[in-house]
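Here's the structure we're looking at; comments come further down.
Here is the naming used below: chain letters follow the sequence lines, and residue numbers restart at 1 for every chain. What's counted below: heavy atoms across the whole structure, side chains too, no hydrogens, waters or symmetry copies.
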Amino acid sequence: ILNVEQSPQSLHVQEGDSTNFTCSFPSSNFYALHWYRWETAKSPEALFVMTLNGDEKKKGRISATLNTKEGYSYLYIKGSQPEDSATYLCAFSNFGNEKLTFGTGTRLTIIP
Amino acid sequence: NAGVTQTPKFQVLKTGQSMTLQCAQDMNHNSMYWYRQDPGMGLRLIYYSASEGTTDKGEVPNGYNVSRLNKREFSLRLESAAPSQTSVYFCASSRQWETQYFGPGTRLLVL
């Protein structure tokens, strides 16, 4: 079973501050790393899919980087807003297997 | 487009009862998945289907069966429900290797 770890498990951030969290995954046989945003009582929504070492993706105030050689990805949120409160999931797939293995998520709470 | 739809939204079962969770997608995706979500465990794959007519076990398949009825529909069946199957169940679909799109979830309580 592939192990995907996310840290921290939870995070409280003041509105307006920037923050980041980590996803680590097995670096061998890597295919893709996904980030999802999951609001309470809703279903996960895709943020980014990254496949190449050094990839950087951006959507508004949220961005992500990927290091496949060392097996980690960072998600950054700039100038946090209350609507950013959610659980952020990362998921990993490797060659020959399109199934995703999910981390347990980082639960982000923005304090107004 | 409705995306991924799931029925029912909520269900209460007694131990030993059976039920089928329905999932349908209208995005012409080949791949479909069933996950369960439990506190502190994240999303765990129960079964998936890479194409119509094929299914494969995921991480936690025991106690479940699936049917890929056609390209649109992928159902999950609990033959004899147990309290350990109390969970939130999510269906998802995707093009092969690409982003997964999730349904709204089914909340199941087994007494």
Side chain, backbone, both or neither: which part of [X] has an atom under 4.5 Å from a heavy atom of chain A?
X: L43(B); value: both
X: Y101(B); value: neither
X: A92(B); value: neither

* Is Y36(A) reaching over with its side chain to a backbone N or O of Q100(B), donor-acceptor style, under 3.5 angstrom? ->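 Pair found, side chain donor or acceptor close to backbone of Q100(B).
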Check whether any side-chain heavy atom of [X] lies under 4.5 Å from a side-chain heavy atom of [Y], and answer yes or no.
X: P44(A); Y: F90(B); result: yes
X: M41(B); Y: F102(A); result: no
X: L100(A); Y: Y35(B); result: yes

In this structure, would [X] and [Y] fall into the same cluster of hydrophobic residues linked by side-chain contacts under 4.5 Å?
X: F102(B); Y: W38(A); value: yes
X: I62(A); Y: L11(A); value: yes
X: Y89(B); Y: Y33(B); value: no
X: F48(A); Y: I77(A); value: yes

[atom1]/[X]: more than 12 non-hydrogen atoms of other groups inside 6.0 Å:
X: R107(B); atom1: CZ; answer: no
X: R95(B); atom1: CZ; answer: no
X: K78(A); atom1: NZ; answer: no
X: E45(A); atom1: CD; answer: no

* Go through H34(A), K99(A), Q6(A), Q9(A) and name the one with the most non-hydrogen pairs under 4.5 angstrom from chain B. =>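 Most heavy-atom pairs under 4.5 Å with chain B: K99(A).
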* Taking atom CD of Q37(B) and atom CG of L89(A), what is their separation to the nearest 0.5 Å? ->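 Those atoms lie 8.5 Å apart.
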* If you take all heavy atoms of G103(B) and S43(A), which pair is closest and at what distance? ->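 So the minimum-distance heavy-atom pair works out to O-CB, 2.9 Å.
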* To do: For G42(B) and T104(A), work out which heavy atoms get closest and say how close.
  => N-CG2, 4.0 Å
